[in-house]
Amino acid sequence: MMTMATTTASATPVPGTGPLSGKAALVTGGSRGIGAAIAVRLAADGAAVALTYQHRDDLAAEVVRQIERAGGRAWAVRADGADPEAVRASVAAAADRFGRLDVLVNNAGAGVVAPFEGIALDDVDRVLALNVRAPFLAAQAAAAHLTEGGRIISIGSCMAERAAFPGGSLYATSKAALGGLTKALARELGPRGITVNLVLPGPIDTDMNPADGAGAALQAQLTSLGTYGQPADVASMVAHLAGDGGRYVTGAALAVDGGFAA
C-alpha cells in the first residue's frame with residue numbers, strides 16, 4: 001500500500017545552488033537513521049528529495065520539515081517495501097512529483113539476528129522481500145525514468161563482507177545479494193550513462209543499532225578505528241556517488257565501515 005504523507009513540501013521547484021541542483025532523488029526508508037541522513041544531505045546538495053517510510057508519519061514529516069527549513073525541497077510518501085505495487089508506485093510518484101528522477105537510493109530494509117536453525121520461514125520471506133526484491137523492483141521502475149548521468153545507489157552492510165559473529169546468516173545473505181544486483185545492473189545500464197553502486201556501512205550509531213546498546217562494544221572493537229560511525233558518514237559517500245565525483249564509479253562496493261572488513 002502506498003499513501004501520501006500529511007506533511008509535504010511545495011511541488012514548485014525552488015532553484016538550488018548545490019552540486020545536485022536541478023536533480024531529483026528518491027530515498028527509500030528515509031524517515032530515520034541512515035536514510036534520513038542521506039535525504040537531508042542530498043537536499044543540502046541541491047536535490048529535490050522524495051523519501052519513503054512505512055510506519056512513522058511523524059518522523060517522515062520531521063525530515064521533510066528539516067529539509068524545508070534549510071531551503072530545500074522534500075516530499076514523503078508511505079510505501080510498504082514488502083508490497084511490490086507500492087514499491088513501483090512510489091518510484092513513479094516521485095518522478096511525477098518532481099518531473100524527473102535522477103537518483104535512486106535503496107536504503108529501506110529489515111534484519112533478523114538469530115541462530116540459523118531457529119529462523120522462521122516468515123522471517124526469511126520478509127527479509128528477502130524487503131532487502132532484495134524491493135531494491136530490484138525499485139531499480140527496475142527507476143530505470144524507466146533515469147537518463148544519462150542517473151544514479152542507483154544501494155545500501156548494503158559490512159556483514160555481507162565479513163561474518164564476524166554468529167546470528168547474521170539471513171541478514172548477510174540478503175545484503176550479499178545486492179552485490180550481484182549492483183554488478184549486473186552496472187553492466188546493463190552503463191551504456192545509457194547510468195551508474196550503479198553499493199555502499200557497505202559498518203557499525204553506525206542509529207536507533208536500531210545504538211553505539212551504547214547491547215553488543216556495541218564488540219562491534220566497535222571489530223573495526224580498525226575502534227569506534228562507531230555516524231549516519232552522516234554514510235550520507236557523505238552517497239552524496240559523492242550521486243554527484244559529479246561519482247560519474248566514473250560503477251559496479252563498485254564501497255565500505256564505510258571504519259575498517260570492519262580490513
Side-chain angles (χ1 to χ4, degrees), residues 2 4-54 56-79 81 90-109 135 138 142 145-147 149-155 194-195 197 199 201 204-207 229-247 254 256:
M2 186 191 81
M4 308 307 176
T6 55
T7 300
T8 62
S10 169
T12 303
V14 177
T17 58
L20 296 179
S21 176
K23 305 289 188 181
L26 170 62
V27 181
T28 69
S31 65
R32 61 179 184 165
I34 291 173
I38 292 170
V40 169
R41 174 58 190 270
L42 295 182
D45 283 358
V49 178
L51 59 101
T52 71
Y53 68 100
Q54 187 170 356
R56 296 288 300 273
D57 300 69
D58 56 331
L59 295 181
E62 178 52 37
V63 175
V64 169
R65 284 193 292 268
Q66 182 180 349
I67 291 171
E68 289 181 316
R69 284 195 296 264
R73 296 162 288 160
W75 180 59
V77 56
R78 185 196 296 271
S90 65
V91 174
D96 181 67
R97 179 74 175 187
F98 296 120
R100 62 187 296 151
L101 184 64
D102 304 279
V103 180
L104 168 66
V105 182
N106 285 313
N107 168 75
H145 301 280
L146 297 173
T147 59
R151 307 282 197 262
I152 297 175
I153 304 164
S154 296
I155 307 301
I194 298 168
T195 67
N197 289 292
V199 176
I204 302 296
D205 187 14
T206 65
D207 61 331
Q230 296 298 316
D233 297 321
V234 182
S236 292
M237 178 63 80
V238 172
H240 172 73
L241 293 172
D244 190 59
R247 66 184 182 87
L254 303 165
V256 183

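Remember, it's a predicted structure, so these values are computed and weren't measured experimentally.
Summarising the geometry of Leu51 relative to Ala39, their closest heavy-atom pair is CD2-CB, 4.3 Å, with the distance given to 0.1 Å. The heavy-atom pair separating Ala95 from His145 by the smallest distance is CB-ND1, 3.6 Å. Of all heavy-atom pairs spanning Arg73 and Gly46, the tightest one is NH2-O, 3.2 Å. Closest non-hydrogen pair, Ser90 versus Val77, comes out as CB-CG1, 4.5 Å. Heavy atoms only, all atoms of each residue included: Ala24 and Phe98 are closest at CB-CB, 3.8 Å.
In terms of modelled atom types and a separation under 3.5 Å, the side chain of Arg100 and the main chain of Leu146 share no donor-acceptor contact. Under the 3.5 Å distance criterion, the side-chain polar atoms of Thr52 are matched with a main-chain donor or acceptor of Gly29. The backbone N or O of Gly243 lies less than 3.5 Å from a partner atom in the side chain of Arg151, making a donor-acceptor pair. When atom types are taken as modelled, the side chain of Arg78 and the backbone of Gln54 share a donor-acceptor pair closer than 3.5 angstrom. With Ser31 contributing its side chain and Leu59 its backbone, the two residues share no donor-acceptor pair below 3.5 Å.
Separation of atoms CG (Asp102) and CG (Leu42) is listed at 11.0 Å; rounding is to 0.5 Å. Taken to the nearest 0.5 Å, the OG1 atom of Thr147 stands 7.0 Å off from the CD1 atom of Ile194. With rounding to the nearest 0.5 Å, the separation of CD1 in Ile155 from CD1 in Ile204 is 10.0 Å.
Each of Asn106, Leu101, Asn107 was compared with Leu26 under the side chain to side chain contact (heavy atoms under 4.5 Å, CB included) criterion, and only Leu101 meets it.
Every residue meeting the side-chain hydrogen bond (donor to acceptor under 3.5 Å, both in side chains) condition with Asp207, not counting sequence neighbours, appears here in chain and number order: Arg32. Evaluation of the side-chain hydrogen bond (donor to acceptor under 3.5 Å, both in side chains) rule for Glu62 yields Arg65, Arg69 as partners, not counting sequence neighbours.
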Just list the side-chain donor-acceptor pairs under 3.5 Å for residues 229-239, sequence neighbours left out, or say none.
unit_1: Asp233; atom_1: OD2; unit_2: Gln230; atom_2: N; d: 2.8
unit_1: Ser236; atom_1: OG; unit_2: Arg41; atom_2: NH1; d: 3.2
unit_1: Ser236; atom_1: OG; unit_2: Ala232; atom_2: O; d: 3.0

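Two residues are said to be in side-chain contact when any heavy atoms from C-beta on lie closer than 4.5 Å; Val27 and Val49 meet this criterion. Looking at Arg247 and Thr195, their side chains never come closer than 4.5 Å, going by heavy atoms from C-beta outward.
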